[in-house]
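Data first, discussion second: the structure below is written as structure tokens.
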2 protein chains.
Amino acid sequence: MTVRTTRQRTAILDALTEADEFRSAQQWHEAMSRGGDRIGLATVYRNLQSMAEAGAVDAVRDEDGEVLYRLCHATGEHHHHLRCRHCGAAVEIEGPAVESWAAKIGAENGFTNIDHTMELTGTCSACAAKGL
Amino acid sequence: MTVRTTRQRTAILDALTEADEFRSAQQWHEAMSRGGDRIGLATVYRNLQSMAEAGAVDAVRDEDGEVLYRLCHATGEHHHHLRCRHCGAAVEIEGPAVESWAAKIGAENGFTNIDHTMELTGTCSACAAKGL
DNA sequence: GCACTTGACGAGAACGATTATCATTACTAC
DNA sequence: GTAGTAATGATAATCGTTCTCGTCAAGTGC
Ligand SMILES: [Mn+2]
Ligand SMILES: [Mn+2]
Ligand SMILES: [Zn+2]
Ligand SMILES: [Zn+2]
């Protein structure tokens, strides 16, 4: 009686599964609406956020500050992404070397409770082939 | 006669120099106004952005998506930051190991034109001493 | 110093992503 | 089936940031 399985939540998961790319909440909403799903924009925002908190969805910020969501494929907890700036395709990245480096840098400077964000952006081979 | 030295631009540089912390455009504007400077908010935004483009100022995004600015102290071009989440104090970081790691990861996955962002956040020793 | 050109300023409107409202709907447990 | 309540969605509101455009003043040439 806490998390209910609604038609909308299922539809969002379907959409995320079909298009395996990073997209904004508005883009997901638009794609779903175009695909015939009747769903409110606020519902898309709410579910993507709760899914992200639950770890089922990854959320990153693009250079314009907008939040992009994609179904998470990683097994472990903490990881990063290499994302195509053109199509949103992405690869899950683990960087143990970076993790330890960040911790060391923090300690060296007297900082505690170190946290970090890292995002790699590039042009995927498919988009490069299209001349993007 | 392209870049003019205005009273406002000078005041912003003074403010940035006095308070060596990452702050939002609105925070800088508020601090300056409180300090007696008469300056428009749009002017603060414009100058911080142009200074950031020129490399004199660093701009990062906090977890809420707001952009924070601080005078840049780095000598080289590309670098990162270790920032205190409480007071905005920050240290300029160089990470050659991370740079090459990012390039390698990109190549391994068939991505080209790799770019990356990385921000370290923590609690500085001063704020830790205050129990924050 | 003085007039001129035009970059820069700033008050306020506009923008746009995201969040809050709250009446209504529809899962779920029993 | 029904009650209880989580979830929805149309809409308004929020808020950081950007745009407008009339006014101002920094730089320039004399
Ligand atoms: Mn992931
Ligand atoms: Mn810097
Ligand atoms: Zn691509
Ligand atoms: Zn601090």
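Each chain gets a letter, A, B and so on, in the order the sequences are listed, and its residues count up from 1. This one's a predicted model, so the numbers in the text were calculated from it and none came from an experiment.
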Touch class at under 4.0 angstrom, heavy-atom based, for A:Ser24 against every strand present | nothing

Between CG of A:Asp37 and P of D:dT8 the distance, given in whole Å, is 13 Å

Establish, with yes or no, whether the OP1 or OP2 oxygen of D:dA7 is under 4.0 angstrom from a side-chain nitrogen or oxygen of A:Thr6.
-> no

Contact under 4.0 Å: A:Arg7 side-chain N or O vs D:dG9 OP1/OP2 = yes

Would you please say whether a donor-acceptor pair under 3.5 Å links the side chains of B:His78 and B:Glu99?
-> yes

Of the candidates C:dA17, D:dG16, C:dG10, the side chain of B:Tyr45 sits closest to D:dG16

Under 3.5 Å, is there a donor-acceptor pair between the A:His73 and A:Asp20 side chains?
-> yes

Would you mind reading off the distance between A:His29 atom NE2 and D:dA10 atom P, rounded to a whole angstrom?
-> 8 Å

Would you please say whether a donor-acceptor pair under 3.5 Å links the side chains of B:Glu92 and B:His81?
-> yes

Which nucleotide in C:dA17, C:dT6, D:dT18 has an atom nearest any side-chain atom of B:Arg4 = C:dT6

Taking CG from A:Asp64 and C1' from C:dC15, how many angstroms apart are they, rounded to a whole number?
-> 14 Å

A:Glu63, CD: over 12 other non-hydrogen atoms inside 6.0 angstrom | no

Short side-chain N/O contact from B:Thr5 to OP1 or OP2 of C:dA8, under 4.0 Å | no

Provide, to the nearest angstrom, the distance between the CD1 atom belonging to A:Ile39 and the P atom belonging to C:dA26.
-> 14 Å

Counting only distance, no hydrogens or angles, is the base of C:dT19 paired donor-acceptor with the side chain of A:Arg46 under 3.5 Å?
-> no

Which of D:dA10, C:dA11, C:dT18 is nearest the side chain of A:Gln26? It is C:dT18

What is the distance from CD of A:Glu66 to P of C:dT19, rounded to the nearest Å?
-> 13 Å

Name the closest nucleotide to the A:Val67 side chain, picking from D:dT17, D:dT8, C:dT18.
-> C:dT18

What is the distance from CD1 of A:Ile12 to C1' of D:dA7, rounded to the nearest Å?
-> 11 Å

Is the backbone of A:Leu120 close enough, under 3.5 Å, to the side chain of A:Arg83 for a donor and an acceptor to pair up by distance?
-> no

What does A:Gln27 touch in the nucleic acid at a heavy-atom separation under 4.0 angstrom: a base, only the sugar-phosphate, or nothing?
-> nothing

Any donor-acceptor pair under 3.5 Å from B:His79 side chain to B:Glu77 backbone | yes

Give one of base, sugar-phosphate or nothing for B:Arg61, where a contact means two heavy atoms less than 4.0 Å apart.
-> nothing

Side-chain contact check for A:Ala42: nearest option of D:dA10, C:dT18, C:dG10 is D:dA10

Find the distance A:Arg9:CZ to D:dT8:C1' and express it as a whole number of Å.
-> 11 Å

Contacts of B:Ala25 and B:Gln8 projected onto DNA chain D by closest heavy atom; the upstream (5') one is B:Ala25

Picking from C:dT18, D:dA26, D:dT8, the nucleotide nearest the side-chain atoms of A:Gln49 would be C:dT18

Separation of B:Trp28 atom CH2 from D:dT17 atom C1', in whole Å?
-> 19 Å

